[in-house]
Amino acid sequence: MKSSQQIVRLRKTLLAHYDACGRSLPWRIRPEDRAAGVIADPYKVWLSEIMCQQTTVSAVTPYWHKFLQKWPCVENLACAPRDEVLAAWAGLGYYARARNLHKCAGMIMDEFGGVFPNTEAGLLKLPGVGPYTAAAISSICYGEATNIVDGNVERVISRLRMVQALLPKARTEIRILAGVIADPKRAGDYGQALMDLGSQVCKPKNPKCGMCPWEFACLAGKAGVAEDYPKKIKKQTRPVRYGAVFYLENGGEILLRRRPDKGLLGGMMELPGTEWGAEREAVDKMLAHAPSSHNWQQCAKEVSHVFTHFTLYLNVFVAQGGDVNTGIWASLDRLDTYALPSLMRKAIRSAQSL
DNA sequence: TACGCGTGGAC
DNA sequence: TGTCCAAGCGT
C-alpha cells in the first residue's frame with residue numbers, strides 16, 4: 001500500500017471508530033450537541049486539560065465539576081484568592097498546576113480582556129500551557145490543525161511504526177510521525193480519537209489489538225510485540241526519606257504552617273515538622289524540632305507516602321496545648337477549606353486515630 | 001536534555 | 001515499604 005493511501009485509511013478508520021464508539025467525557029461536547037450548534041468553551045476545556053496532565057480522568061472529574069461550580073468563568077477564577085484555589089486543588093497533586101492555573105486566569109483577565117487566545121502559538125505563552133495543552137485547546141475549541149501528542153499518542157505511534165529509539169529521546173521522531181498522519185480537517189476529533197485509542201484500546205498492558213481500527217497497519221501489533229513499545233529507559237529505584245510532623249491540638253484547632261512557594265508542595269499547608277532526610281532519626285532528635293515542649297505522644301506506625309521521585313516515611317507526634325503563636329491555628333471543622341495535600345491529610349488521620 | 005513535581009488505581 | 005502508569009510543564 002502506498003504511504004499516502006495508508007495515511008488516508010488511517011485517518012478514515014480512526015475517525016469512523018471514534019464516531020461509532022467515542023466515549024463521553026464531562027468536558028467533551030457530545031456529537032448531538034455539536035450538531036445542535038453547541039461550541040466548546042475554552043475555559044472549560046483549558047481547565048480539563050490542565051487537570052488531566054499526568055492525572056486520570058476518574059481523579060479529575062469531581063475536581064472539574066467542583067471548580068466549575070465555584071468558578072463558572074475565568075473571571076471568577078481570576079478574582080478568587082490563590083489560597084482558595086490551592087485548597088480546592090488539594091488532593092489532585094502536582095500543585096504547580098494550581099499555581100499556574102490561577103496565574104493564567106489573572107493573565108487572561110489583565111492582558112487578554114478575559115478572552116483566551118485562539119491560536120496554538122498564543123495559548124503556548126500561557127503559564128502551565130505547554131505543547132500538548134496548546135495543541136489540544138486550539139484544535140478542540142477552534143479547529144486549528146495542530147499535532148496533539150500526549151503519552152497515549154506516543155504509545156500508539158511508537159507501536160504503529162515500531163519506533164526503536166527509547167523514550168524520552170524518541171519524542172522528536174514520534175512527533176514527526178504523528179504529524180504526518182494527523183487529520184487537519186477534523187483536528188480536534190482526530191486528536192481526541194487518538195488519545196481515546198491509546199487509553200482504551202492501545203493500552204500499556206494487555207492492548208486490545210483485535211479491536212483496534214489500526215490493526216491493519218500496526219507493525220508492532222502484527223509482530224505480536226505491541227506491549228514492548230514504546231521502548232523506554234529503565235527507571236532508577238526510588239530513594240527513601242524520613243521525617244516527623246507534629247499534631248498540636250487545642251480547642252478544636254490544630255497548628256499548621258505554609259510551605260514555601262516554590263518546590264515540593266509549594267504554597268500548600270502542612271503540619272510543622274522536621275526536615276526530610278535519608279536516615280531515620282532518634283526520637284529526641286526529632287522532638288528537638290517540635291513547635292513546643294509539650295508531652296508528645298508518638299503514633300505507633302509511620303505514615304508512608306510515595307512521591308514521584310522518593311518515598312517518605314513520617315513519624316507523627318501528638319500533643320495538646322495552645323501556647324504557640326508561630327503558625328496558623330486551623331479549625332478542625334473546616335479542614336477541607338485548607339490547602340492540605342494528601343500526605344498531610346494522611347498524617348492528620350493518623351494523629352486523630354491515636 | 002534531564003530532572004523535579006503528587007496521587008491513587010491496576011496488576 | 002513492589003511496579004507501572006495517567007490527556008505534561010517548567011526549569
Side-chain angles (χ1 to χ4, degrees), chain A residues 23 25-28 45-64 86 89-101 103-104 123-137 139-140 146 148-156 166-172 175 188 191-200 202-207 227 230 232-242 259-268 270 280 301-314 339-346:
Chain A
R23 71 171 161 162
L25 296 174
W27 43 86
R28 188 175 284 179
V45 173
W46 164 72
L47 184 62
S48 75
E49 294 298 345
I50 299 298
M51 287 182 167
C52 279
Q53 290 166 8
Q54 297 291 284
T55 308
T56 58
V57 167
S58 63
V60 164
T61 299
Y63 283 85
W64 186 79
L86 290 180
W89 195 278
L92 200 52
Y94 285 137
Y95 298 99
R97 293 184 296 170
R99 302 194 297 272
N100 283 328
L101 188 84
K103 182 178 178 186
C104 182
L123 289 160
L124 200 48
K125 295 176 182 159
L126 300 173
V129 177
Y132 160 75
T133 305
I137 297 173
S139 66
I140 292 169
T146 61
I148 298 179
V149 182
D150 73 333
N152 289 307
V153 176
E154 285 178 354
R155 185 170 56 257
V156 173
L166 308 185
L167 283 176
K169 279 187 77 173
R171 292 241 158 86
T172 302
R175 169 169 291 279
Q192 292 176 91
L194 192 47
M195 291 190 287
D196 282 5
L197 187 70
S199 67
Q200 302 191 288
C202 193
K203 299 185 295 182
K205 308 288 184 190
N206 304 313
E227 213 170 285
K232 296 184 181 182
I233 297 173
K234 72 169 176 9
K235 291 174 185 163
Q236 59 184 15
T237 58
R238 209 189 305 271
V240 179
R241 292 189 198 171
Y242 304 92
R259 293 179 61 84
D261 205 53
K262 300 205 168 187
L264 186 72
L265 307 174
M268 302 293 285
E270 67 176 0
R280 270 199 179 87
K301 199 164 179 186
E302 288 171 311
V303 168
S304 71
H305 192 78
V306 181
F307 290 97
T308 307
H309 52 298
F310 65 95
T311 299
L312 179 65
Y313 295 97
L314 278 184
L340 285 163
S342 293
L343 161 66
M344 290 299 156
R345 292 182 187 276
K346 273 191 214 173

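Protein chains get the first letters and strands the later ones, always in sequence-line order, with residue 1 at the start of each. Every heavy atom of this structure was used, including side-chain atoms; hydrogens, water molecules and symmetry mates were not.
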Applying salt bridge (Lys or Arg N to Asp or Glu O under 4.0 Å), can you list everything that pairs with [X], at least two apart in sequence or on another chain?
X	answer
A/Arg259	A/Glu270
A/Arg23	A/Asp196
A/Arg280	A/Glu302
A/Arg171	A/Glu154

How would you label the contact of A/Ile137 with the nucleic acid (heavy atoms, under 4.0 Å): base, sugar-phosphate, or nothing?
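Since no nucleic acid heavy atom lies under 4.0 Å of A/Ile137, the category is nothing.
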Over all strands shown, is A/Lys234 touching base, sugar-phosphate only, or nothing at heavy-atom distances under 4.0 angstrom?
nothing
Rounded at 0.5 Å granularity, tell me how far OG in A/Ser48 sits from CD1 in A/Ile137.
7.5 Å
Go along nucleotides 1-11 of chain B 5' to 3' and tag each nucleotide: B for a protein heavy atom under 4.0 Å from its base, S when only backbone or sugar atoms are that close, - otherwise.
---SBBBS---
Range on DNA chain C touched by chain A - first to last nucleotide, heavy-atom distance under 4.0 Å:
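It runs C/dT1 to C/dG10.
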Is there a donor in the side chain of A/Arg28 and an acceptor in the side chain of A/Gln192, or the other way round, less than 3.5 Å apart?
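The criterion, which ignores hydrogens and geometry beyond distance, is satisfied for A/Gln192 and A/Arg28.
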Within 6.0 angstrom of A/Lys346 NZ, more than 12 heavy atoms from elsewhere:
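Yes.
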Using the six-membered ring wherever Trp is involved, compare the ring planes of A/Tyr313 and A/Tyr242 and label them parallel, tilted or perpendicular (cut-offs 30° and 60°).
parallel
